[in-house]
Amino acid sequence: MKKQIATTAAPAAIGPYSQAIDLGNMVFISGQIPVNPATGEIPEGIKAQTAQSISNIKAILAEAGLTIDNVVKTTVFLADMSLFTDMNEVYGEAFTAPYPARSAVAVRELPKQVLVEIETIAVR
């Protein structure tokens, strides 16, 4: 059974999608951009933006009763591949071995002109 996950501790969905969908054994989290849910502000720089995106993911995971350790796959969208090293540094501090599978791609543009967006899949 498909169940919507929503929390005010992460940015609200701004379109016809859910923050996350819980299928019981798997949780699919929509791409999280680095918007601070309390202020609506976007931090400066790729490191701060990566940290905020991961913070938003952690909040949604918590609402689903999970932690970052439940994440098995991520997709990282970058505004430019030159940002990869700095993003990867912050990302590497958030996850522990065995690390989730990951794809990282550069895209032409991201919502609100942010530098990074991260989507995740977690399992129970």
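Counting only residues at least two apart or in different chains, salt bridge (charged side-chain N to carboxylate O under 4.0 Å, His left out) contacts with residues 49-71 are absent. Each ring-ring contact (aromatic ring centres under 6.0 Å, His included) pair with one or both residues in residues 102-124, not counting sequence neighbours, would appear here, but there are none. Among residue pairs with one or both ends in residues 31-45, none qualify as salt bridge (charged side-chain N to carboxylate O under 4.0 Å, His left out); sequence neighbours excluded. Applying the salt bridge (charged side-chain N to carboxylate O under 4.0 Å, His left out) definition to pairs two or more places apart or across chains, those involving residues 83-92 are Lys47-Glu89. Applying the salt bridge (charged side-chain N to carboxylate O under 4.0 Å, His left out) test to every pair with at least one member in residues 5-15, sequence neighbours left out, gives no pairs at all. The ring-ring contact (aromatic ring centres under 6.0 Å, His included) analysis of residues 49-79, with sequence neighbours excluded, yields no pairs.
Ile42 and Leu110 fall within a single hydrophobic cluster, where Ile, Leu, Val, Met, Phe, Trp and Tyr side chains are chained together by heavy-atom contacts under 4.5 Å. Both Val71 and Ile5 belong to a single network of hydrophobic side chains, linked directly or stepwise wherever heavy atoms of I, L, V, M, F, W or Y lie under 4.5 Å apart. Residues Ile68 and Val76 are members of one and the same hydrophobic cluster, defined by side-chain heavy-atom contacts under 4.5 angstrom among Ile, Leu, Val, Met, Phe, Trp and Tyr.
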Let me have the donor-acceptor pairs involving side chains of residues 97-104, under 3.5 Å, with sequence neighbours excluded, atom names and distances please.
residue	atom	partner	partner atom	Å
Arg102	NH1	Asn88	OD1	2.7
Arg102	NH2	Asn88	OD1	2.9
Ser103	OG	Lys73	NZ	3.1

Show the atom names and distances, to 0.1 Å, of all donor-acceptor pairs under 3.5 Å that link a side chain in residues 14-33 to residues at least two apart or in another chain.
residue	atom	partner	partner atom	Å
Tyr17	OH	Ile14	N	3.2
Ser18	OG	Gln4	NE2	3.4
Gln19	OE1	Thr7	N	2.6
Gln19	NE2	Thr7	O	3.0
Gln19	NE2	Ala10	O	3.3
Gln19	NE2	Pro11	O	2.7
Asp22	OD1	Gly24	N	2.7
Asp22	OD1	Arg124	NH1	3.1
Asp22	OD2	Arg124	NH1	3.2
Asp22	OD2	Arg124	NH2	3.1
Ser30	OG	Ser18	O	2.6
Gln32	NE2	Ser30	O	3.1

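Looking at residues two or more places apart in sequence or on another chain, you find no side chain to side chain donor-acceptor pair (under 3.5 Å) involving Thr39. By the side chain to side chain donor-acceptor pair (under 3.5 Å) test, Gln52 pairs with Asn56, sequence neighbours left out. Under the side chain to side chain contact (heavy atoms under 4.5 Å, CB included) criterion, Ala79 pairs with Leu83, Leu115, not counting sequence neighbours.
Through side-chain heavy atoms spaced under 4.5 Å, either directly or across other Ile, Leu, Val, Met, Phe, Trp or Tyr residues, Met1 is tied to no other residue.
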Check step by step if side chain to side chain contact (heavy atoms under 4.5 Å, CB included) holds for Val107 and Val105.
-> CA-CA 6 Å; Val107 296; Val105 296; 4.2 Å; yes

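Of the residues listed (Ile121, Thr120, Ile54), the one engaging Thr74 in a side-chain contact (heavy atoms from CB on, under 4.5 Å) is Thr120, and it is the only one.
The minimum heavy-atom distance between Val116 and Pro34, with the atom names listed, is O-CD, 3.2 Å. Looking at every heavy atom in both residues, Pro37 comes nearest to Ala9 through CG-O, 3.2 Å. Considering all non-hydrogen atoms of both residues, Phe84 and Leu78 come closest at CA-CD1, 3.9 Å.
The closest donor-acceptor contact from the side chain of Thr50 to the backbone of Ile46 lies under 3.5 Å.
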